[in-house]
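What follows is a short report on a single structure.
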Amino acid sequence: MTRTYLPGILAMAATVVASNILVQFLFGNWLTWGAFTYPLAFLVNDVMNRVYGPAAARRVVWVGFGVGVVCSLIGTQIMGEFGPLVTLRIALGSGIAFLTAQLIDVAIFDRLREDRHGGAWWRAPLASTLVGSTLDTALFFSIAFSAAFSFLEPANDVSWAGEILPLLGFGPEMPLWVSLAVADWGVKLSLALLALVPFRLIVARMTQPVA
């Protein structure tokens with residue numbers, strides 16, 4: 001792993017650590033503060049992919065995954081009001097969602113990268129992040145809270161997540177975890193659009209010829 005990738009590695013590690021800490025703090029009824037930092041992982045991924053290529057991006061993703069595993073292991077040892085801060089289902093959901101979504105992001109970005117097909121510069125980062133974010137949200141919330149995956153950790157009571165409530169407080173009645181997932185997904189999609197600006201600026205700076 002070359003020194004060239006170090007900023008990307010540090011940025012991914014910082015994003016994962018910050019998100020694991022901030023997920024413990026609520027923001028309104030449906031979100032945590034971690035929802036606003038976690039999408040930065042896709043920005044880091046796409047910048048690395050654009051500047052250094054898919055192999056470098058995948059290396060950074062694997063580092064992020066490793067950091068996430070360490071955070072999960074630490075979380076299992078910290079007791080909260082209702083038990084460990086990180087349960088087996090949350091750890092599995094988080095790890096599977098992160099790795100799958102980020103690697104899919106790498107693949108889609110590489111397929112659509114503008115220097116290969118001559119398309120608009122924003123197409124690859126936007127499409128890859130939207131697909132990756134959607135997959136990430138679906139995998140994590142389903143594995144962590146859906147009754148369909150209760151067999152993963154039968155002793156872990158997540159019945160609270162299955163409480164039937166109006167979607168986001170005003171829509172059709174659905175399990176609570178669906179509202180949490182939809183709110184999280186909405187933040188990810190919004191930040192995917194906003195992240196196009198720093199993506200463009202950071203890539204331009206990193207690819208600027210040295211005088």
Side-chain angles (χ1 to χ4, degrees), residues 11-46 64 67-68 71-72 74-76 78-98 100-102 105 125-126 128-150 152-153 156-199:
M12 181 65 82
T15 297
V16 172
V17 171
S19 299
N20 274 272
I21 294 173
L22 293 175
V23 75
Q24 303 172 50
F25 302 98
L26 294 175
F27 179 86
N29 294 325
W30 315 107
L31 295 166
T32 69
W33 282 101
F36 298 95
T37 56
Y38 181 78
L40 294 177
F42 291 97
L43 173 60
V44 174
N45 185 344
D46 291 346
V67 172
C71 289
S72 292
I74 293 173
T76 61
I78 301 175
M79 299 301 294
E81 184 178 355
F82 302 104
L85 292 181
V86 178
T87 63
L88 174 62
R89 288 184 64 177
I90 288 177
L92 286 174
S94 178
I96 292 172
F98 177 87
T100 304
Q102 293 293 327
D105 182 288
L126 183 59
S128 61
T129 300
L130 291 179
V131 174
S133 296
T134 301
L135 186 60
D136 184 278
T137 298
L139 286 173
F140 172 72
F141 284 93
S142 296
I143 295 172
F145 302 117
S146 171
F149 289 92
S150 60
L152 292 173
E153 194 177 17
N156 178 23
D157 182 14
V158 292
S159 57
W160 59 269
E163 182 180 0
I164 303 300
L165 296 169
L167 181 66
L168 297 177
F170 59 86
E173 292 193 340
M174 291 187 176
L176 171 59
W177 70 267
V178 176
S179 288
L180 300 178
V182 170
D184 180 83
W185 183 59
V187 171
K188 285 190 176 83
L189 297 190
S190 298
L191 292 182
L193 293 171
L194 294 176
L196 291 175
V197 175
F199 171 84

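Just so you know, these numbers come straight off a predicted model, no measurement behind them. In what follows, residues are counted from 1 in the order of the sequence shown.
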Measure from the side-chain N and O atoms of Asn45 to the backbone N and O of Gln102, and report whether any donor-acceptor pair falls under 3.5 Å.
-> yes

Residue of the set Leu194, Leu189, Leu193 for which side-chain contact (heavy atoms from CB on, under 4.5 Å) holds with Leu191 | Leu194

Backbone N or O of Ala147 within a donor-acceptor pair of the Ser150 side chain at under 3.5 Å?
-> yes

Interatomic spacing from OG1 in Thr15 to CG in Leu22 - rounded to 0.5 Å | 10.5 Å

Note: Leu43 and Ala195 closest approach over all heavy atoms is CD1-O, 3.8 Å

What is the ring orientation for Tyr38 with Phe42, classed by angle as parallel under 30°, tilted 30 to 60°, or perpendicular over 60°?
-> perpendicular

So which heavy atom on Leu168 is nearest to which on Ala183, and how close?
-> CD2-CB, 4.0 Å

Are the side chains of Phe141 and Ser146 in touch, meaning some heavy atoms are under 4.5 Å apart?
-> no

Any donor-acceptor pair under 3.5 Å linking the side chain of Ser133 with the backbone of Leu130?
-> no

Measure the OG-CZ distance between Ser19 and Phe98 for me, rounded to the nearest 0.5 Å.
-> 9.5 Å

Hey, does the side chain of Glu153 reach the backbone of Arg89 with a donor-acceptor pair shorter than 3.5 angstrom?
-> yes

How long is the span from the OG1 atom in Thr87 to the CG atom in Leu92, to the nearest 0.5 Å?
-> 8.5 Å

Side chain proximity check, Asn156 to Leu88, heavy atoms < 4.5 angstrom = no

Does Ser128 reach the main-chain N or O of Pro125 with its side chain, forming a donor-acceptor pair under 3.5 Å?
-> yes

Considering non-hydrogen atoms only, spot the tightest contact between Ser179 and Pro166 and give its length.
-> OG-O, 3.8 Å

Nearest-0.5 Å distance, OG1 of residue Thr32 to CG of residue Asp184 = 7.5 Å

Side chains of Phe140 and Ile90: does their closest heavy-atom pair fall under 4.5 Å?
-> yes

If you round to the nearest 0.5 Å, how far is CG of Leu165 from CD of Glu173?
-> 7.5 Å

Determine, step by step, whether Val131 and Asp105 satisfy the side-chain contact (heavy atoms from CB on, under 4.5 Å) criterion, reporting the C-alpha distance in whole Å, the side-chain angles of both residues, the deciding distance to 0.1 Å, and the verdict.
-> CA-CA 7 Å; Val131 174; Asp105 182 288; over 6 Å; no

Check Leu31 against Phe36 and note the closest heavy-atom contact, atom names and distance.
-> CD1-CZ, 4.0 Å

Point-to-point distance, once rounded to the nearest 0.5 Å, from OG1 of Thr129 to CG of Asp46 = 4.0 Å

Nearest non-hydrogen partners of Leu176 and Trp30, listed with the distance | CD1-CZ3, 3.5 Å

For Val16, does its backbone N or O pair with a side-chain atom of Asn20 as donor and acceptor, under 3.5 Å?
-> yes

Closest non-hydrogen atom pair between Phe145 and Val158, with its separation | O-CG2, 4.1 Å

